[in-house]
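Order of listing sets the numbers, starting from 1, for every ligand and every atom in it. Since the structure is predicted, the reported quantities are computational estimates derived from the model, not experimental observations. The figures here come from the full heavy-atom set of this structure, side chains too, leaving out hydrogens, waters and symmetry mates.
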Amino acid sequence: MVGDICGRPGRHMLRERLGPLRREHSVDLAIVNGENAAAGFGITGPTYQEILEAGADVVTLGNHTFDKREAVALLDEEPRLLRPLNYPPGAPGRGHCIIEAGGARVLVANAMGRVFLPMNLDCPFRGVDDLLAQEAGRYDLFFLDFHAEATSEKEAMGWHLDGRATAVVGTHTHIQTADDRVLPSGTAYLTDVGMTGPSESVLGMDRKGVVGRFLSQVPARFEVAEGKRQLSALLVDADPSTGLAKEVQRIFIRE
Ligand code: FE2
């Protein structure tokens, strides 16, 4: 699972590094969070295609899902592009898909937290419970991208799904945490996988603009930063016969 692709530098880093990583670790399935792929905010048709061509099998989103208008049509057309499953009924697109990988049926889902995110989505915990009940018997492995701000909400989700998910991996904060582990009942867990994109930045955005805004409190348009880049990911070794994780390994490459 690769963390939030930020703008063109993130897309290019993915294009250069995902292929070699897939070969080196014999990766069967790559899930990539693309909610910041289009200039830092949302996703478009061409940026989605670029992520697929870089080697992603499933692309997940988050609070920036609908920043670009064309995401509405794209979500309805692309079954492997996921938005958080806890949007209220009637929202475009879908929050999960089932994909064949490494001889297993893999359920991949995206959910979004509600703490410190200014959106009124449905309960992500109940949303995931409902999904697992609905898809029972149709999948061997289950990977959740939990896009959330609060570490508490993410840890809670990890424990809520321990023994029922192959992996619960947090996204959104853009800073990789060091708490990767397999929980006691077999679920791989990481609070936040981190960001893929410009490393000499504030969360991927040009640092001058962000620092200036903190100093002046005047709203400013943020641009994706340029320069050196990083890739953030979590490698999960999973057993389709149990549906659980055997091992996890954090990946952080900085140029
Ligand atoms: Fe986000």
Checklist entry - Going by atom types alone, do Thr177 and Asp192 pair a side-chain donor with an acceptor below 3.5 Å? => result no
Next on the checklist: Less than 2.8 Å away from the Fe ion (ligand 1), how many protein N/O/S atoms can be counted, ignoring water?
Outcome noted: 4
Checklist outcome for this item: The single option from Arg11, Met13, Met195, Glu35 that satisfies side chain to side chain contact (heavy atoms under 4.5 Å, CB included) with Cys6 is Met195
Next on the checklist: Hydrogens and angles aside, do Asp237 and His25 bring a side-chain donor and acceptor to less than 3.5 Å of each other?
Outcome noted: no
Checklist entry - Is the distance between the ring centroids of Phe66 and Tyr87 under 6.0 Å? => result yes
Item to check | Point-to-point distance, once rounded to the nearest 0.5 Å, from CG of Asp4 to OG1 of Thr173 | outcome: 8.0 Å
Next on the checklist: Surrounding CD of Gln49 (heavy atoms of other residues, nucleotides or ligands, distance under 6.0 Å), is the total greater than 12?
Outcome noted: yes
